[in-house]
S.K.: 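This is the structure I have questions about; it appears just below.
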Amino acid sequence: IKSDSSIQSVLDLCTGSGCIAISLDLGTEARIVGSEMSKSALEIARQNGESLSAKVEWLESDGFAKIAGRKFDLIVSNPPYLKRGEIFMPEVAKFEPEIALYAGPDGLDGYRWIARDAPSCLNKPGLVLIETGWGMADDVRKIFAECGFEYLKSTRDLMRIERALLFRRGT
């Protein structure tokens with residue numbers, strides 16, 4: 001987004017430790033809001049932002065609940081995407097609360113509520129950039145298409161897994 005001057009405001013939904021929001025703040029001129037439902041995670045994000053002199057606005061919110069009425073050019077999110085009961089790397093699961101990892105029986109609940117609720121917080125045309133789990137890209141594309149989003153492109157990680165999907169809000 002550094003070279004895209006049309007992106008003036010970004011919401012990092014499910015910010016966790018704040019690393020994405022902080023990186024965006026330090027690498028762009030856009031106004032960045034980091035939103036998180038966990039008070040303890042949000043405090044860590046604040047501390048991380050302060051230590052790097054980031055000017056992120058931190059907001060405690062369960063999903064879009066306290067964001068209503070605000071508009072953004074881009075929403076980024078790394079939502080929970082593991083299936084209930086799915087085994088995950090112990091070194092990650094040891095430090096992450098279950099709510100940050102698991103998203104219902106199929107792991108897709110986070111994508112459903114983001115696709116459903118994001119349009120109310122997006123400018124037109126707004127973008128959503130979202131991280132996906134292994135083998136979920138097709139399902140996530142379908143969920144967002146059903147909510148009126150146009151799929152633009154994806155990026156693969158070093159294991160060649162489709163990891164980040166970019167969507168545009170329908171006009």
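Note that the structure is predicted; figures quoted are calculated from it, not measured. We're numbering straight along the sequence, starting at 1.
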S.K.: Test: ring-ring contact (aromatic ring centres under 6.0 Å, His included). Region: residues 27-71. Which pairs qualify, not counting sequence neighbours?
M.R.: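 Checked against ring-ring contact (aromatic ring centres under 6.0 Å, His included) - neighbours excluded - the pairs reaching residues 27-71 are Phe64-Trp113.
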
S.K.: So do Pro119 and Arg169 actually touch side chain to side chain, heavy atoms under 4.5 Å?
M.R.: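 With C-beta onward as the side chain, the pair touches.
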
S.K.: With sequence neighbours excluded, tell me which residues meet ring-ring contact (aromatic ring centres under 6.0 Å, His included) with Phe144.
M.R.: Phe149, Phe167

S.K.: Going by side-chain hydrogen bond (donor to acceptor under 3.5 Å, both in side chains), name the residues that satisfy it together with Asn123, two or more places apart in sequence or in a different chain.
M.R.: Asp73

S.K.: For the residue pair Ser9 and Ala30, what are the closest heavy atoms and their distance?
M.R.: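 Distance-wise, the nearest heavy atoms are N-CB, 4.2 Å.
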
S.K.: State yes or no: do Ile75 and Leu59 share one hydrophobic cluster built from I, L, V, M, F, W and Y residues joined by side-chain heavy-atom distances below 4.5 Å, directly or via other members?
M.R.: yes

S.K.: List for me each residue that meets side chain to side chain contact (heavy atoms under 4.5 Å, CB included) alongside Glu60, sequence neighbours excluded, and say none if there are none.
M.R.: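 Per chain and number, Glu60 pairs via side chain to side chain contact (heavy atoms under 4.5 Å, CB included) with Lys39, Leu42.
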
S.K.: With rounding to the nearest 0.5 Å, note down the distance linking SG in Cys14 to CD in Glu36.
M.R.: 6.5 Å

S.K.: Going by the salt bridge (charged side-chain N to carboxylate O under 4.0 Å, His left out) test, which pairs reach into residues 151-162, not counting sequence neighbours?
M.R.: Arg141-Glu162, Asp157-Arg163

S.K.: What are the two closest heavy atoms between Ser35 and Leu11, and how far apart are they?
M.R.: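 For Ser35 versus Leu11, the nearest heavy atoms are CB-CD1, 3.8 Å.
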
S.K.: Quick check for you: to the nearest 0.5 Å, what is the distance between Thr28 atom OG1 and Gln8 atom CD?
M.R.: 9.0 Å

S.K.: If you look at every heavy atom in Ala45 and Ile22, which pair is closest and at what distance?
M.R.: O-CD1, 4.0 Å

S.K.: Hey, could you give me the OH/OG1 distance between Tyr111 and Thr132, rounded to the nearest 0.5 Å?
M.R.: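 Going from OH on Tyr111 over to OG1 on Thr132, the span is 5.5 Å.
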
S.K.: So if you build clusters from Ile, Leu, Val, Met, Phe, Trp, Tyr with side-chain heavy-atom gaps below 4.5 Å, do Ile44 and Leu26 land together?
M.R.: no

S.K.: Could you work out, with side chain to side chain contact (heavy atoms under 4.5 Å, CB included) as the rule, every residue matching Leu152, not counting sequence neighbours?
M.R.: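 Per chain and number, Leu152 pairs via side chain to side chain contact (heavy atoms under 4.5 Å, CB included) with Leu127, Glu150, Leu166, Arg168.
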
S.K.: Of all the heavy-atom pairs spanning Ile67 and Cys121, show the shortest one and how long it is.
M.R.: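 Heavy atoms only, the tightest pair is CG2-SG, 3.8 Å.
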
S.K.: Does any non-hydrogen side-chain atom of Ile114 lie less than 4.5 Å from one of Ile130?
M.R.: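 Yes. Closest side-chain heavy atoms under 4.5 Å.
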
S.K.: With sequence neighbours excluded, what pairs up with Gln47 under the side-chain hydrogen bond (donor to acceptor under 3.5 Å, both in side chains) test?
M.R.: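 side-chain hydrogen bond (donor to acceptor under 3.5 Å, both in side chains) check on Gln47 returns Glu43.
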
S.K.: Could you pull out all residues at least two apart from Ser61 that satisfy side-chain hydrogen bond (donor to acceptor under 3.5 Å, both in side chains)?
M.R.: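 Here no residue qualifies.
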
S.K.: With side chain to side chain donor-acceptor pair (under 3.5 Å) as the rule and sequence neighbours excluded, what pairs involving residues 11-22 come up?
M.R.: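 Qualifying pairs, neighbours excluded: Asp12-Thr15.
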
S.K.: Please name the pair of heavy atoms, one in Cys19 and one in Ser23, separated by the smallest distance, quoted to 0.1 Å.
M.R.: O-OG, 2.8 Å

S.K.: Measuring only between side-chain heavy atoms, which start at C-beta, is Val33 closer than 4.5 Å to Val56?
M.R.: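 SC-SC contact between Val33 and Val56 ruled out.
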
S.K.: So do the side chains of Leu108 and Val140 get within less than 4.5 Å of each other, counting heavy atoms only?
M.R.: yes

S.K.: Give me each pair satisfying salt bridge (charged side-chain N to carboxylate O under 4.0 Å, His left out) with a member in residues 62-71, each pair once, sequence neighbours excluded.
M.R.: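 For residues 62-71, and leaving out neighbouring residues, the salt bridge (charged side-chain N to carboxylate O under 4.0 Å, His left out) pairs sorted by first residue read Glu57-Arg70.
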
S.K.: Identify, with sequence neighbours excluded, every residue that meets side-chain hydrogen bond (donor to acceptor under 3.5 Å, both in side chains) alongside Ser51.
M.R.: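 Applying side-chain hydrogen bond (donor to acceptor under 3.5 Å, both in side chains) to Ser51 gives none.
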
S.K.: Go through Leu13 and Val76 one step at a time and tell me if the side-chain contact (heavy atoms from CB on, under 4.5 Å) criterion holds.
M.R.: CA-CA 6 Å; Leu13 191 64; Val76 298; over 6 Å; no

S.K.: Which pair of non-hydrogen atoms, one from Ala115 and one from Cys147, has the smallest distance, and what is that distance?
M.R.: O-CB, 3.5 Å

S.K.: Under a single-linkage definition using a 4.5 Å side-chain heavy-atom cutoff for Ile, Leu, Val, Met, Phe, Trp and Tyr, are Leu122 and Tyr151 assigned to the same hydrophobic cluster?
M.R.: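 They do share one cluster, since a chain of ILVMFWY contacts under 4.5 Å joins Leu122 to Tyr151.
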
S.K.: I need the full list of salt bridge (charged side-chain N to carboxylate O under 4.0 Å, His left out) pairs touching residues 24-35, with sequence neighbours left out, sorted by first then second residue.
M.R.: none

